[in-house]
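All values reported here derive from a predicted model rather than from experimental measurement. Chain identifiers are assigned alphabetically (A, B, ...) following the order of the sequence lines, protein sequences preceding nucleic acid strands; residue numbering begins at 1 within each chain. Just so you know, these numbers use all the heavy atoms, side chains as well, and skip hydrogens, waters and symmetry mates.
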Number of protein chains: 2
Amino acid sequence: MMDAKKVTALLRKKGFKVTPQRLAIYNALCNTKAHPNAEMLFNKLQPYYPTMSLATIYKTIDILREIGLIQVINVGEDSLRYDATVELHPHIRCTVCNRVDDIMDFDFSPAIKNVAEKTSYDLSGQQFYFYGVCPECQAKMSKKIS
Amino acid sequence: MMDAKKVTALLRKKGFKVTPQRLAIYNALCNTKAHPNAEMLFNKLQPYYPTMSLATIYKTIDILREIGLIQVINVGEDSLRYDATVELHPHIRCTVCNRVDDIMDFDFSPAIKNVAEKTSYDLSGQQFYFYGVCPECQAKMSKKIS
DNA sequence: AGTTTGTTGATAATAACTATTAATTAAAAA
DNA sequence: TTTTTAATTAATAGTTATTATCAACAAACT
């Protein structure tokens, strides 16, 4: 998460121009916990940038990822989601409503140690995805039953 | 991993017909550790079933998954891979050659406990993916440098 | 064997994403 | 500030994995 000034500086430093659309896309990602995909971002920005196309979303996302401002998450849907928190952390998806939440302050080290012992790979990263029913959907389900 | 007799019985029990294509696809998955995607399966079976189409592969995979004979794995490539080992286990992908290996006998319980404490989700499953350089690629890389 | 019903496989459709390109716009030099 | 230069936008078309359609066909029940 960076403020506009730092983002501007970073884009310039990496040789990319600074455009309102790019800042808006990054800003939109910073201001949500919903892990939007390209289409959700497009819809969110549509009122403010009615001429912006999906291609711009995709290209900007690619740049933001390249310069390390965002990470891509793949929870097994048919589209990718994006997250302005770049620190690696697991995600959990509700199998009922498909919302995706962060799991923060997760300690990867026991798992990594476990894997390092089992393989001869030179480890460089990992992605953990959990699945379950979110509290809201649990509440809805218990209502329906009663 | 089931033998042909059990697979036949299970397919019938679940209301699906037993066809040579279906048995062949399941068999191909049982006899590899390469975690093939649809195209790799298609190419592998092509010599023996030259008229079989990719659509049959996809449809059969869907059935096999539905009746619990295989699992789908999504290592962040543009295609899905399939595994006849249905017991949940992590996978590791080489970031150089893209091979995907199993990590067996991994203990998920510390991670699950960790997550159960942090969220109010009703957990139902998880997928862990690790990334790194496989031993073969490490060897190739050290050769090139020297 | 005949009949029913699900399956195959060729083809077309879909959907997410990427490449192309002309017109626009911003950055950098003067 | 103005000009030059190069990158960006956004419409469009292309690509690719996967899914749907449907007529011909094969499995399974009678």
Checklist entry - Can N74(B) and N74(A) be counted as having a side-chain donor-acceptor contact under 3.5 angstrom? => result yes
Checklist entry - E77(A) CD to dA17(D) C1': how many Å, rounded? => result 17 Å
Checklist entry - Looking for any heavy atom pair under 4.0 Å, which part of the strands does T56(B) touch: base, sugar-phosphate only, or nothing? => result base
Item to check | Close approaches to DNA chain D from residues 24-34 of chain B, in residue order (heavy atom, under 4.0 Å) | outcome: none
Checklist entry - Do D101(B) and T119(A) come close enough that some side-chain heavy atom pair is under 4.5 Å? => result no
Next on the checklist: Roughly what angle, to 10°, lies between the helix axis at the start of the helix from dA1(C)-dT30(D) to dA30(C)-dT1(D) and the one at its end, five pairs per end?
Outcome noted: 40°
Checklist entry - Does any N or O donor sit under 3.5 Å from an N or O acceptor when you compare the side chain of K59(B) with the base of dG9(C)? => result yes
Checklist entry - With respect to the side chain of L80(B), which nucleotide from dC17(C), dA10(D), dT18(D) is positioned closest? => result dT18(D)
Next on the checklist: Please confirm whether the shortest side-chain N or O distance from R12(A) to OP1 or OP2 of dA26(C) is below 4.0 Å.
Outcome noted: no
Checklist entry - Do any side-chain nitrogens or oxygens of R22(A) fall under 4.0 Å of OP1 or OP2 in dT9(D)? => result yes
Checklist entry - When you look at E77(B) and R93(B), which way does the side-chain contact (heavy atoms from CB on, under 4.5 Å) test go after all the steps? => result CA-CA 10 Å; E77(B) 297 169 308; R93(B) 189 181 86 194; 3.1 Å; yes
Checklist entry - Hey, is the side chain of T19(B) poking within less than 4.0 Å of OP1 or OP2 on dT8(C), counting only N and O atoms? => result yes
Checklist entry - Looking at F42(A) versus Y49(A), is the centre-to-centre ring distance below 6.0 Å? => result no
Checklist entry - Atom NZ of K17(A) to atom P of dT24(C): distance rounded to whole Å? => result 16 Å
Checklist entry - Is any side-chain nitrogen or oxygen of T51(B) closer than 4.0 Å to OP1 or OP2 of dG9(C)? => result yes
Checklist entry - Can you check the L54(B) CG to dT21(D) C1' distance for me, whole Å? => result 17 Å
Checklist entry - Once you round it to whole Å, what is the distance between P of dA26(D) and CD of Q21(B)? => result 10 Å
Item to check | 5′-ward residue of the pair A55(B)/P20(B) relative to DNA chain D | outcome: A55(B)
Next on the checklist: In terms of relative ring orientation, are H91(B) and H89(B) parallel, tilted or perpendicular, with 30° and 60° separating the classes?
Outcome noted: tilted
Checklist entry - Roughly, in whole Å, what's the span from CZ in F16(A) to C1' in dA26(C)? => result 16 Å
Checklist entry - Are side-chain heavy atoms of D83(A) and V100(A) found at a separation under 4.5 Å? => result no
Checklist entry - Rounding to a whole Å, what distance do you find between I61(B):CD1 and dA17(D):P? => result 14 Å
Checklist outcome for this item: With F128(B) as partner, the option from F130(A), Y129(A), F106(A) fulfilling ring pair (Phe, Tyr, Trp, His ring centres under 6.0 Å) is F130(A)
Checklist entry - Is the shortest heavy-atom distance from the side chain of Q126(B) to the side chain of F108(B) under 4.5 Å? => result yes
Item to check | 5' priority, DNA chain C, between P50(B) and V18(B) [closest heavy atom] | outcome: V18(B)
Checklist entry - Atom CD1 of I63(A) to atom P of dT9(D): distance rounded to whole Å? => result 7 Å
Next on the checklist: Of the listed nucleotides (dA10(C), dC17(C), dA16(C)), which one gets closest to any side-chain atom of D78(A)?
Outcome noted: dA16(C)
Item to check | Whether T60(B) side chain and T56(B) backbone form a donor-acceptor pair below 3.5 Å | outcome: yes
Item to check | Residues which pass side chain to side chain contact (heavy atoms under 4.5 Å, CB included) with N43(B), listed by chain and number, not counting sequence neighbours | outcome: E39(B)
Checklist outcome for this item: Taken to the nearest whole Å, OH/Y58(A) to P/dA19(C) is 13 Å
